[in-house]
Amino acid sequence: EVQLVESGGGLVQAGGSLRLSCAASGFTFDETVIGWVRQAPGREREGVASIRISDGRTYYEHSVKGRFTISSDNAKNTVYLQMNSLKPEDTAVYYCATVDGKHTILILTPREYDHWGQGTQVSVSS
């Protein structure tokens, strides 16, 4: 059974930093793509970043490029999202997600992910 468990959310002031973690199990970690997707109140889910585990190639949505960094620790089957210079508009529930089977396409829409974690709240105050 695929399991994704996020942690690390919280409340931070604008300009601050948080690191989210996504612990993965139940699938072959290094054969897939894992992404972070966020959903703000009243808005649709938005892909933030993704990583292809096999070669570490990454993708970032325009608004977070240069501020967020996605990485993986393959020994721990864990993906991280380091978020710096946080802004109030980054406030959302952040989910990690993955796709079934061997997968190499890096840029995915939220609808293309097959499995989701429970989400972790990130709140940024002004």
Measure the [atom1]-[atom2] distance between [X] and [Y] for me, rounded to the nearest 0.5 Å.
X: Asp30; Y: Ile53; atom1: CG; atom2: CD1; value: 8.5 Å
X: Phe27; Y: Glu1; atom1: CZ; atom2: CD; value: 12.0 Å
X: Thr109; Y: Glu44; atom1: OG1; atom2: CD; value: 11.0 Å
X: Ile51; Y: Cys96; atom1: CD1; atom2: SG; value: 12.5 Å
X: Glu61; Y: Ser50; atom1: CD; atom2: OG; value: 11.5 Å

Looking at side-chain heavy atoms only, is the closest gap between [X] and [Y] below 4.5 Å?
X: Tyr95; Y: Leu4; value: no
X: Met83; Y: Trp36; value: no
X: Leu108; Y: Tyr59; value: no

Identify every side-chain donor-acceptor pair in residues 13-23 under 3.5 Å, counting partners at least two apart or on other chains, and give the distances.
unit_1	atom_1	unit_2	atom_2	d
Ser17	OG	Asn84	OD1	2.9

* Linking I/L/V/M/F/W/Y whenever their side-chain heavy atoms sit closer than 4.5 Å, directly or via other members, would Val37 and Tyr80 fall into one cluster? ->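 No: no chain of side-chain contacts under 4.5 Å links Val37 to Tyr80.
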
Residue pairs, two or more places apart or on separate chains, that pass salt bridge (Lys or Arg N to Asp or Glu O under 4.0 Å) and touch [range]:
range: residues 81-90; result: Arg38-Asp90, Arg67-Asp90
range: residues 47-56; result: Arg52-Asp55
range: residues 106-118; result: none

Taking [X] for its side chain and [Y] for its backbone only, find out whether a donor-acceptor pair lies under 3.5 Å.
X: Glu6; Y: Thr120; answer: no
X: Gln39; Y: Arg43; answer: yes
X: Thr91; Y: Val124; answer: yes

Residues two or more places apart in sequence or in another chain: which of them pass side-chain hydrogen bond (donor to acceptor under 3.5 Å, both in side chains) with [X]?
X: Ser123; result: Gln121
X: Asp73; result: none
X: Glu31; result: none

Taking distance alone, no hydrogens or angles, what donor-acceptor pairs closer than 3.5 Å link side-chain atoms of residues 98-106 to residues at least two apart or in another chain?
unit_1	atom_1	unit_2	atom_2	d
Thr98	OG1	Thr32	OG1	3.4
Thr98	OG1	Val33	O	2.9
Asp100	OD1	His115	NE2	2.5
His103	NE2	Ile105	O	3.4

* Grab the two heavy atoms, one from Gly35 and one from Tyr113, that are nearest each other, plus how far apart they are. =>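 Minimum heavy-atom contact is CA-OH, 3.4 Å.
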
* **disulfide bond (SG atoms under 2.5 Å apart) contacts in which one or both residues fall within residues 58-89, not counting sequence neighbours** =>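 For residues 58-89, and leaving out neighbouring residues, there are no disulfide bond (SG atoms under 2.5 Å apart) pairs at all.
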
* All pairs passing disulfide bond (SG atoms under 2.5 Å apart) where residues 25-93 contributes a residue, at least two apart ->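 Listed once each, the pairs would be none.
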
* To do: Taking side chain to side chain contact (heavy atoms under 4.5 Å, CB included) as the test, write out the residues that go with Thr69, two or more places apart.
  =>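 Partners of Thr69 by the side chain to side chain contact (heavy atoms under 4.5 Å, CB included) criterion, ordered by chain and then number, come out as Tyr60, Gln82.
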
* Given Leu86 and Phe68, is the side-chain contact (heavy atoms from CB on, under 4.5 Å) satisfied, shown in steps? -> CA-CA 9 Å; Leu86 281 162; Phe68 290 11; 3.9 Å; yes

* **Connected hydrophobic set around Val5, excluding itself, where side chains approach under 4.5 Å** => none

